[in-house]
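As structure tokens, the structure follows; a few thoughts come after it.
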Amino acid sequence: MAEYTADIRDIKFVLFEQLDLGPVLSSERYSDFSPEDLEMILDEAYKLAREVMAPANVPGDREGCQHSDGKVTVPKAYHEPFKQYSAGGWIGLSNSAEYGGGGAPQLMRLAVDDLFFGANISLNLGMLLTPGAAHLIEAFGSQEQKDLFCERMYTGQWGGTMCLTEPQAGSDVGAAKTKARKDGDGYLIEGEKIFITFGDHDLTENIIHLVLARVEGAPSGTKGLSLFIVPKIRVNPDGSLGEPNDVVCSSIEHKMGIHGSPTCTMTFGSNGDCRGWLVGEENKGMRAMFQMMNEARMGVGMQGAALANASYQAALAYAKERTQGSHIMRFKDPNAPRVPITEHPDVRMMLLRQKAYAEGCRSLLLFAGFCHDRAATATDEKDGERYRALEDFLTPICKAYCTDMGFRVTEWGIQIHGGYGYLQDYPVEQHMRDSKIASLYEGTNGIQALDLVGRKMPQKNGQCLRAISGMIKAFLAEHRDHPVFKSQVAELAKARETWSNVNRAMAAAASKRDLMMPLLGATTYLALCGDLLLAYFLLDQAVKAWAKLERLCRESGGTVGDDEEEALFADSETLANFARTTEEGRFLDGKIKTARFFIANELPNMYAKAASVTNADKSAMEIVWETE
Ligand SMILES: Cc1cc2nc3c(=O)[nH]c(=O)nc-3n(C[C@H](O)[C@H](O)[C@H](O)COP(=O)(O)OP(=O)(O)OC[C@H]3O[C@@H](n4cnc5c(N)ncnc54)[C@H](O)[C@@H]3O)c2cc1C
């Protein structure tokens, strides 16, 4: 089985060469961090991912989790990596130092999760929800709750979960029936939650569940849901552990992938003695839970991108080694030497398609994390609002597009391996099995699309749309006459115009109360936005890569003439030679080729999607199924 490798150079390129971290790192909040510190964090994370987490990945998949006598055990191979992960301060990396967190920018959470999810998604899932749960307590809980729980969770002493789903309340969270009854200074909780990730396990001494429940007499729907802290083991005022809290895992699921992540049915209060503590006010639980859901959505989007990148790395390594057939130009010659499959045009197309989506999604996600940090540190109110609007619009796209395309990239990873990809001897089949869940949980991708068209598009009279449009327009204005990428910039301009037309068509339909048009087109619209954004981010990378390539070439003594003819990358032998013969040159040249490839081969899919949305066909609503 191949070792886990990540393109750490690409992550660094996005962080330090594509994004301008200056304003974030010079803010008061993050002034303790320099770019060198961030690079060191990334290198350490890669070491942990590669040397400690990845070796536990396959054993965890094969052994899975066990449930016996109401207790859950995770794969044996997970215990040591978990210890090192918590001891290294990775759980609370981007949480407040006041409560034992690392205080790093949110962007770094995403960047290290790229490595951790890529190395071992199931194990990292055990760490994903804990900081989110603690952060929710920090944002909405009482001082006493913060003091009791946050530090113990940020440091990994206690785990955390989010408990929303019930058998009748999946996407429809407001249908939850779990009850809460006031009792002394707390509440008695009674009900069943299903599909709870790491709902029970043997990695931490306690597990703090954040449970949505309805207080007796509260309104129906999400407006009547309150949020409760429900520990597995009760916690004394001094933080020591007390009695068990009548919280039991009654079963675990048997799943397609993420075998090392226990998916638990949790029964609260079957003996009438499960105590919960209200977070914030009664009936305001959903508002608080949204904070955790939004954080988790970015993390889930990163699961898609991380497994896509892992699959691409594995497929590329395999394709370089695997020889099959002869070169296409000598296919009639039986004596022609056998060539690595990387020589075959179709395999090259698949590899480059993998690279484009995997790296494009990474760039999109890290940019969204950057927007979060810019909004949190902005000194100018308008600036802060603009970055918040960008983050709001990008969140459902990051979650849904990166997991849908991430899954597809893992499928291409199998295709590149041929029949061997279907076997457990190679990592790509596990990548695909593990990746599918990301389009389902944390709000299915269909629900993300509804969030995009129903909430984010009309938000503050189109503020999000204006922010995205402004960002792309500024790029177009700056690079309209770019010596190398003029035609790609023109293609991006055309794509932006098409996107604007679709936005107008959807708004017009909605204003005429034709809600079916945007609802039927929502998923296609989200994918269309993803295509446009990937073209933008990949082209932005290419422009930056080309500028650097040219500079490095000059610095190394190469002559690049000032006249346009010679400056053109394709016509400059010196540049082409530099790009071929140095590692950095190949990396930067790869960025240029990837953007060109995406814009020529993948961006056109966007026009079919635009037609699909604006055609406003209603057949799906009109069909009468044969069985009706
Ligand atoms: C492995 C795993 C781990 C999970 N971890 C957690 C966890 O830690 N905590 C937790 O609370 N939950 C968790 N979940 C639950 C998960 O979030 C839900 O499965 C998900 O929200 C979908 O709910 P559902 O399965 O009931 O599907 P349904 O809601 O029944 O959806 C079925 C289909 O209908 C669509 N649909 C439903 N309603 C609408 C609508 N209004 N408009 C358009 N389309 C709609 C959906 O998009 C989907 O395609 C987990 C699930 C799994 C499988």
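In what follows, every heavy atom counts, from backbone to side chain, and hydrogens, waters and symmetry copies are set aside. Both ligands and their constituent atoms are indexed starting at 1 by order of listing. In this chain, residues are counted from 1 in sequence order.
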For this session: Please examine the side chains of Leu227 and Val211, heavy atoms only from C-beta on, and report whether any two atoms are closer than 4.5 Å.
Result: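 Of all side-chain heavy-atom pairs linking Leu227 with Val211, none is under 4.5 Å.
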Exercise. Does Trp158 reach the side chain of Lys232, with side-chain heavy atoms less than 4.5 Å apart?
Worked result: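 Not in contact.
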Subset of ligand 1 atoms that lie under 4.0 Å from at least one heavy atom of [X]:
X: Ile437; result: 1 (C), 2 (C), 52 (C), 53 (C)
X: Glu442; result: 17 (O)
X: Leu440; result: 20 (C)
X: Ile196; result: 7 (C), 8 (O), 9 (N), 10 (C), 11 (O)

Problem set entry | Pair Asp202 + Lys71: basic N to acidic O under 4.0 Å |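 Salt bridge absent between Asp202 and Lys71.
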Problem set entry | Ion pair Asp61/Arg433, N-O distance below 4.0 Å |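 Between Arg433 and Asp61 there is a salt bridge, with a charged N closer than 4.0 Å to a carboxylate O.
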For this session: Describe, in one word, how the ring planes of Phe116 and Trp90 are oriented to each other, choosing from parallel (under 30°), tilted (30 to 60°) and perpendicular (over 60°).
Result: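 Judged by the thresholds at 30° and 60°, the geometry between Phe116 and Trp90 is perpendicular.
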For this session: For the residue pair Trp499 and Phe393, categorise the inter-ring angle as parallel (less than 30°), tilted (30 to 60°) or perpendicular (more than 60°).
Result: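 Rings of Trp499 and Phe393: perpendicular, as their planes differ by over 60°.
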Can you find a protein heavy atom under 4.0 Å from [atom]?
atom: atom 1 (C) of ligand 1; result: yes
atom: atom 32 (C) of ligand 1; result: no
atom: atom 29 (O) of ligand 1; result: yes

Problem set entry | Thr197 contact mode with ligand 1 (heavy-atom cut-off under 4.0 Å) |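 For Thr197, the contact with ligand 1 is made by both the backbone and the side chain.
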For this session: Give the contacting part of Glu253 toward ligand 1: side chain, backbone, both or neither, where contact means a heavy-atom distance below 4.0 Å.
Result: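 For Glu253, no heavy atom sits under 4.0 Å from ligand 1.
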Exercise. So is Thr161 close enough to ligand 1, meaning a heavy atom under 4.0 angstrom away?
Worked result: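 Thr161: no contact with ligand 1 (<4.0 Å).
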Starting from [atom], which protein heavy atom do you reach first, and at what distance in Å?
atom: atom 13 (C) of ligand 1; result: Phe195 O, 3.0 Å
atom: atom 44 (N) of ligand 1; result: Ile447 CD1, 4.3 Å
atom: atom 36 (N) of ligand 1; result: Ser171 OG, 4.1 Å
atom: atom 26 (O) of ligand 1; result: Gly170 CA, 3.2 Å
atom: atom 12 (N) of ligand 1; result: Thr165 OG1, 2.6 Å
atom: atom 9 (N) of ligand 1; result: Met162 O, 2.9 Å

Exercise. Which option, Thr444, Leu129, Leu450, owns the non-hydrogen atom nearest atom 22 (C) of ligand 1?
Worked result: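 Checking each option, the heavy atom nearest atom 22 (C) of ligand 1 is found in Thr444.
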When you measure from the side chain of [X] to the backbone of [Y], do you find a donor-acceptor pair of N or O atoms at a distance under 3.5 Å?
X: His67; Y: Cys249; result: yes
X: Asn245; Y: Ile233; result: no
X: Ser86; Y: Phe82; result: yes
X: Asn309; Y: Ala305; result: yes

For this session: Could you tell me whether Phe268 and His209 have their ring centroids closer than 6.0 angstrom?
Result: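 Yes, the ring centres sit under 6.0 Å apart.
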